[in-house]
Amino acid sequence: MTINKNDELVIEIEDIGSDGEGIGKYQGYTLFVKNALVGDKVKVKVMKTKKSYGYARLLEIIVESPYRVKARCELAGKCGGCSIQHLDYEKQLEYKQNKVKNCLERIGGFHNEINMEPIIGMEEPYNYRNKAQFPVGRNKEGKVVIGFYAGGTHSIIDTTNCYIQAEVNEQIMKKVRDFLEEYHISIYNEEENKGLVRHILTRVGFTTEEIMVCFILNSNELPHKEELIQSLCEIPHMTSISVNVNKEKTNVILGEKVITLWGLPYITDYIGDIKYQISPLSFYQVNPVQTKILYETVLTYADLHGDEVVWDLYCGIGTISLFLAQKAKQVYGVEIVPQAIQDARKNAEINHIRNAEFFVGAAEEILPKKYLENAIYADVIVVDPPRKGCEESLLETIIQMSPKRVVYVSCDPATLARDLRYLCDRGYQVSKVQAVDQFSHSVHVETVVLVSKKG
Ligand code: SAH
């Protein structure tokens, strides 16, 4: 049996793909269907075929999934941000829990030996993000559009309100939009690499309520900035207004140079008792409510009593390191971005934490080097790598250092499972697995795993 382009088929959607699309099978042949939801029975038209899978367009929902809900945001189907807002939240959590479990089983080869804790979801899975980056453009009629990219494209969906962002963004965006229109400010055109305003970045401290607004410009100068400042300062808790200069023709949003127009060059926020200064360029977890839960889980799994030496690899601005330093004898952080390490050192200072030291460099280079040259030691090693996971050379050094516990924080269950298999084939075992929903309405899931030395 062959499936051809333009075939019209009826299938049942059984799974969710990595971009939130529905996945179903027709006589064993896998089809990816955008906007179809797990539990739907749908009629589709085949658009593109490969050897073992293809892509199809949704023509009609024949039987609607019992898990389908009305998305709160009417742009949810188009916007690239929330790919599964139309899926019941409990079902979103179940999907994420299963995603981790399946990866551990299929990729890691772990079976009944692992008992996962139930995933920790959000009580109110809306307005949770503390950071927004809105692209700015003009539509065909010449009107300013500010919003988000449509899924997989660079066309901007004009948005006045985003249900996963901090609520105050609505006010900020209105003021920014009025300002851009009233003073006829030039807007950046991506294709021509011409024009001024590229993106608007906002950050909100959920504990302190402090607000940062940063204009990403294709220049050093923002005309009529006094009028903008005056308008934005009408919003309570406005703390930092700045310009970031990015003159490159690139998809990378931020340039390196930041000029403070008004107020402080940073906002301050807390996770638990630790305070962090966050500048426009700093990496900072986007969901502060769940981050606190995530870090508390790391702390519990690390099981510190005050005399431990801990290495926190991929430490960013030292968020986890400082959290752990409260309970450890000494923490060492390693991070590849020099600016982040500057922030980490400053954050240690403002919290009067003296038992945390930071190193710039790749974890897979710094740790083996320090181990060979200085015979460094660790009771606990925490890793929080990007999606590609850890390099094997790093895992090899971890095995040689033989810590009692490894706490693995992961944003990709597939590479997590691969790395856990490496450790568990060399004297370690998975003791606890906790998934945390950091990114409600997206398909992403964060996981913390306690790996302990056997015996
Ligand atoms: N633990 C931090 C940051 C986690 S994000 C927090 O919770 O906030 C992952 C971090 O790994 C990023 O800051 C990234 O810059 C850094 N990184 C990426 N590759 C790295 C490598 N090879 N070695 C060290 N750090 C790396």
Side-chain angles (χ1 to χ4, degrees), residues 73 75 79-81 127 129-139 142-150 154-190 193-205 210-235 237-248 250-267 278-284 286:
C73 175
L75 301 173
C79 171
N127 305 111
R129 283 186 62 100
N130 57 15
K131 172 185 166 186
Q133 298 180 127
F134 302 97
V136 184
R138 283 196 193 278
N139 64 14
K143 258 188 69 143
V144 172
V145 288
I146 307 178
F148 296 100
Y149 291 127
H154 267 203
S155 74
I156 301 168
I157 301 177
D158 201 24
T159 317
T160 50
N161 175 29
C162 168
Y163 288 91
I164 61 168
Q165 295 292 347
E167 276 166 281
V168 71
N169 273 293
E170 198 177 335
Q171 265 184 77
I172 300 171
M173 295 336 287
K174 180 162 184 335
K175 285 191 177 289
V176 168
R177 195 184 293 268
D178 291 349
F179 165 76
L180 296 174
E181 292 284 19
E182 184 173 350
Y183 295 98
H184 307 285
I185 306 291
S186 148
I187 305 293
Y188 183 68
N189 179 311
E190 230 179 352
N193 192 30
K194 285 201 181 114
L196 186 61
V197 181
R198 300 174 68 128
H199 273 81
I200 310 293
L201 164 78
T202 69
R203 292 202 195 245
V204 180
E210 292 183 4
I211 300 168
M212 163 186 291
V213 180
C214 176
F215 275 62
I216 294 109
L217 303 182
N218 181 27
S219 159
N220 293 338
E221 274 295 322
L222 180 66
H224 298 282
K225 58 179 184 246
E226 294 308 327
E227 288 87 345
L228 172 76
I229 291 168
Q230 197 183 5
S231 166
L232 284 176
C233 285
E234 288 165 7
I235 301 175
H237 305 287
M238 188 56 61
T239 304
S240 167
I241 304 174
S242 61
V243 157
N244 173 276
V245 185
N246 185 358
K247 297 182 186 170
E248 304 295 316
T250 167
N251 279 343
V252 178
I253 295 176
L254 292 164
E256 280 170 18
K257 186 169 165 190
V258 183
I259 305 160
T260 306
L261 298 182
W262 179 87
L264 296 170
Y266 54 80
I267 58 166
I278 309 149
S279 63
L281 294 173
S282 311
F283 174 89
Y284 188 63
V286 296

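Throughout, residue positions are numbered sequentially from 1 according to the sequence presented.
Minimum heavy-atom separation, Val258 to Pro280: CG1-CG, 3.9 Å. Taking every heavy atom of both residues into account, Phe148 and Gln165 meet most closely at CZ-NE2, 4.0 Å.
Side-chain atoms of Asn244 come within 3.5 Å of backbone N or O of Gly255 as a donor-acceptor pair. The main-chain N or O of Val204 is never found under 3.5 Å from a side-chain atom of Asn169 such that the two would form a donor-acceptor pair. Side-chain N or O atoms of Asn246 include one that pairs as donor or acceptor with a backbone N or O of Ile253 at under 3.5 Å. Proximity of a side-chain donor or acceptor of Ser240 to a complementary backbone N or O of Leu264 within less than 3.5 Å is detected. The closest donor-acceptor contact from the side chain of Arg138 to the backbone of Ile187 lies at 3.5 Å or more, if one exists at all. Of the possible donor and acceptor atoms, one in the side chain of Ser219 sits under 3.5 Å from a partner among the backbone N and O of Glu221.
A distance of 10.5 Å separates CD1 in Ile235 from NZ in Lys174, rounded to the nearest 0.5 Å. To the nearest 0.5 angstrom, His224 atom NE2 is 13.5 Å from Ser231 atom OG. Separation of atoms CZ (Phe215) and CG (Leu196) is listed at 9.5 Å; rounding is to 0.5 Å. Taking CE of Met212 as the reference point, atom OG1 of Thr260 lies at 8.5 Å (rounded to 0.5 Å). Separation of atoms CZ (Arg177) and NZ (Lys143) is listed at 6.5 Å; rounding is to 0.5 Å. From Ile157, atom CD1 reaches atom CG of Asn139 across 13.5 Å, with rounding to the nearest 0.5 Å.
Here the side chains of Leu261 and Val243 are in contact, with some heavy-atom distance below 4.5 Å. Residues Leu217 and Val197 meet the side-chain proximity criterion, which asks for heavy atoms closer than 4.5 Å.
Using bins of under 30°, 30° to 60° and over 60° for the plane-to-plane angle, the ring pair Tyr149/His199 lands in the perpendicular bin.
Among the candidates Glu248, Lys247, Lys194, the single residue satisfying the side-chain contact (heavy atoms from CB on, under 4.5 Å) test with Asn218 is Lys247.
Remark: Asn127 pairs with Glu167 by the side chain to side chain contact (heavy atoms under 4.5 Å, CB included) rule, at least two apart or across chains.
For Glu181, the CD atom sits in a packed shell: over 12 heavy atoms of surrounding residues, nucleotides or ligands are nearer than 6.0 Å.
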